[in-house]
*Asks:* 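Below is the structure I would like to discuss, written out as structure tokens.
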Amino acid sequence: MERKPKNIFREGAIPAAFVGDSIAKHATNHNIGGHSIFLGQVRADEIGGKKVQAIEYTTYEEMALEKMHEIREAIFAKYPLTCMHVYHSLGAVPAGEICLFVFTSSAHRKPAIDACAECVERIKAELPVWGKEIFEGEGYQWKVNTP
Amino acid sequence: MERKPKNIFREGAIPAAFVGDSIAKHATNHNIGGHSIFLGQVRADEIGGKKVQAIEYTTYEEMALEKMHEIREAIFAKYPLTCMHVYHSLGAVPAGEICLFVFTSSAHRKPAIDACAECVERIKAELPVWGKEIFEGEGYQWKVNTP
Amino acid sequence: MEILFFGQLADMVGKPSWQTDTVQDTDALKARLEATFKGLQQVKYMIAVNKKMVQTNTTLSCTDSIALMPPFSGG
Amino acid sequence: MEILFFGQLADMVGKPSWQTDTVQDTDALKARLEATFKGLQQVKYMIAVNKKMVQTNTTLSCTDSIALMPPFSGG
């Protein structure tokens, strides 16, 4: 039986309190010794005199969820993890707000830290998601990820 | 003028909500593109049939704060960070609760991720802090860190 | 067959999807797309067939789901 | 001079600190400590002088703050 891919997408910004709540939920798991978290935050970059006020994310959802499922399985196969959670925003996320939340846990610190870093790299490189940088006033440009 | 070392120590567990609040405070910094967080959580290890119910931390505080200041300066010199925050518990932290919180932020993801991982390693190796694993019922043993 | 466009490619072609007669393979599809939407000749794009990226020329059937994607910029 | 003991060393010697006459250097201090607290001969410990770890024999003055520490286990 194939496991249904989890939906990682959330409409709008990921609230900081949601991160706190996610951490709190893991207090009942007494095998966990370390958590590693990565958060992507929208920068108000200035480009040609215009300031980014938000990034609007779109995706090819079916493909993204399949790919994320593949990444998840590969990372669980490679590292002795207890848990792994990934959330990515869709739609507009204002500057200063969180657009990506990757959260890994393991008995000892190394697997959680390495798995989190690897997951972030793979998400940036392999998930069909696009960011549109919306300028203050008017105009936009398509975001380009740094390698 | 020498900067006074920040006090990183907190009595008891670090609440998950405190982590959420710390993240939320960074929403006003629009140069941040990535946050990396490490959390140490107390495991209920079973040792010779006895279960760890808490770890009690003690430190040589003056030396620990000086050393932490030195680590902080070295990491800021090495990575282009926007912020770095470190909190370590003293006293008893029950299994499932957070005893270490390391939080780094930077414009792009790599420096935050690398600095956080390096800071955690240095804290474990260089800070004069000792954990005493308190068993359910009675008894204790001194914690030994895995390299 | 239906071709989906994402990100700046949807901007460029002015629509999120496009209906066209079934073509034999992805090379033929590229040729047809670039003849119809000249802008595509100037930009980097990838093709996914049934939600998998294809790197080499791939045979297509009329039921395949096909997507044109610019470089990813999530996170 | 006062010697501070931390972690399991405080357990072992039964007190958090110990007063002793000033010794010349850390090698002489070790010899005196291990003669007084035999348990110290069996365990790994480090010496900090004025909050800095010392790896080699170091001259001591009566105003130095000295600490005996077992391997760290924070985090």
Side-chain angles (χ1 to χ4, degrees), chain A residues 13-46 51-53 55 82 94-110 112-114 116-121 123-124 145-147, chain B residues 13-46 51-53 55 82 94-110 112-114 116-118 120-121 123-124 143 145-147:
Chain A
I14 296 161
F18 177 77
V19 178
D21 291 346
S22 302
I23 295 164
K25 279 185 189 155
H26 290 77
T28 52
N29 189 327
H30 290 185
N31 300 318
I32 294 174
H35 302 288
S36 186
I37 293 173
F38 178 81
L39 302 168
Q41 182 167 305
V42 173
R43 276 194 320 274
D45 282 352
E46 225 176 283
K51 210 171 188 177
V52 173
Q53 69 169 13
I55 297 181
T82 315
E97 301 290 315
I98 306 296
C99 56
L100 173 63
F101 172 25
V102 178
F103 183 14
T104 54
S105 311
S106 54
H108 298 277
R109 67 190 180 280
K110 274 298 259 175
I113 291 173
D114 294 345
C116 185
E118 183 168 327
C119 188
V120 171
E121 292 311 309
I123 285 169
K124 296 248 179 189
N145 273 1
T146 53
Chain B
I14 297 160
F18 176 77
V19 178
D21 291 347
S22 301
I23 295 164
K25 278 184 188 155
H26 291 76
T28 53
N29 188 327
H30 290 185
N31 299 319
I32 293 174
H35 303 288
S36 185
I37 292 174
F38 177 81
L39 301 169
Q41 183 168 306
V42 173
R43 278 195 318 275
D45 282 351
E46 227 179 280
K51 211 172 189 176
V52 173
Q53 68 169 12
I55 296 181
T82 315
E97 301 290 314
I98 306 297
C99 56
L100 173 63
F101 172 24
V102 178
F103 183 12
T104 54
S105 311
S106 53
H108 298 276
R109 67 190 181 280
K110 274 297 261 175
I113 291 173
D114 293 346
C116 186
E118 184 168 328
V120 171
E121 292 310 311
I123 285 170
K124 296 249 180 189
K143 182 172 175 260
N145 273 2
T146 54

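Computed from a predicted model, the values in this text were never measured in an experiment. Protein chains get the first letters and strands the later ones, always in sequence-line order, with residue 1 at the start of each.
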*Asks:* Would you mind checking which part of Ile32(A) comes under 4.5 Å of any heavy atom in chain B, side chain (CB onward), backbone (N, CA, C, O), both or neither?
*Replies:*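 Backbone plus side chain of Ile32(A), per the 4.5 Å heavy-atom cut-off to chain B.
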*Asks:* With respect to chain A, which residue among Asp114(B), Ile113(B), Asp21(B), Leu39(B) yields the maximal number of heavy-atom pairs within a distance under 4.5 Å?
*Replies:*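 Between Asp114(B), Ile113(B), Asp21(B), Leu39(B), the count favours Leu39(B).
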*Asks:* Taking C-beta and beyond as the side chain, do Glu46(B) and His30(A) meet within less than 4.5 Å on heavy atoms?
*Replies:* no
*Asks:* For Ile14(A) versus Leu100(A), what's the shortest heavy-atom pair and its separation?
*Replies:* CD1-N, 3.9 Å
*Asks:* Measure distances from Val42(A) to the heavy atoms of chain B and classify the residue's part below 4.5 Å as side chain, backbone, both or neither.
*Replies:*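 Answer is backbone: N, CA, C or O of Val42(A) sit under 4.5 Å from chain B.
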*Asks:* Please look at Lys124(A) and chain B and tell me whether the side chain, the backbone, both or neither of the residue comes under 4.5 angstrom of a heavy atom of that chain.
*Replies:* side chain
*Asks:* Rounded to the nearest 0.5 Å, how far apart are CD of Glu97(B) and CD of Gln41(B)?
*Replies:* 7.5 Å
*Asks:* With rounding to the nearest 0.5 Å, note down the distance linking CD1 in Ile37(B) to CZ in Phe103(A).
*Replies:* 9.5 Å
*Asks:* Determine the interplanar angle of the Phe101(B) and Phe18(B) rings, folded into 0 to 90°, and report it as parallel if under 30°, tilted if 30 to 60°, perpendicular if over 60°.
*Replies:* perpendicular
*Asks:* For Arg109(A) and Val120(B), which heavy atoms make the closest approach, and how far apart are they?
*Replies:*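 So the two residues come closest at CD-CG1, 3.7 Å.
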*Asks:* Looking at OG of Ser105(B) and CG of Asn31(B), how far apart are the two atoms once the value is rounded to the nearest 0.5 Å?
*Replies:*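 Taking OG in Ser105(B) and CG in Asn31(B), the distance rounds to 11.5 Å.
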*Asks:* Flag the one option from Pro94(B), Ala27(B), Cys116(B), Ser36(B) with the top tally of heavy-atom pairs under 4.5 Å to chain A.
*Replies:* Ala27(B)
*Asks:* Tell me which of these, Gly33(A), Pro15(A), Ala112(A), has more heavy-atom pairs under 4.5 Å with chain B than the rest.
*Replies:*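 Option with the top pair count is Gly33(A).
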*Asks:* Please classify the contact between Thr28(A) and chain B as side chain, backbone, both or neither, with a heavy-atom cut-off of under 4.5 Å.
*Replies:* neither
*Asks:* Heavy-atom pairs under 4.5 Å with chain A: which of Ala117(B), Ala13(B), Ala107(B) has the most?
*Replies:* Ala107(B)
*Asks:* Counting only heavy atoms closer than 4.5 Å, note whether Ile98(A) contacts chain B via side chain, backbone, both or neither.
*Replies:* side chain
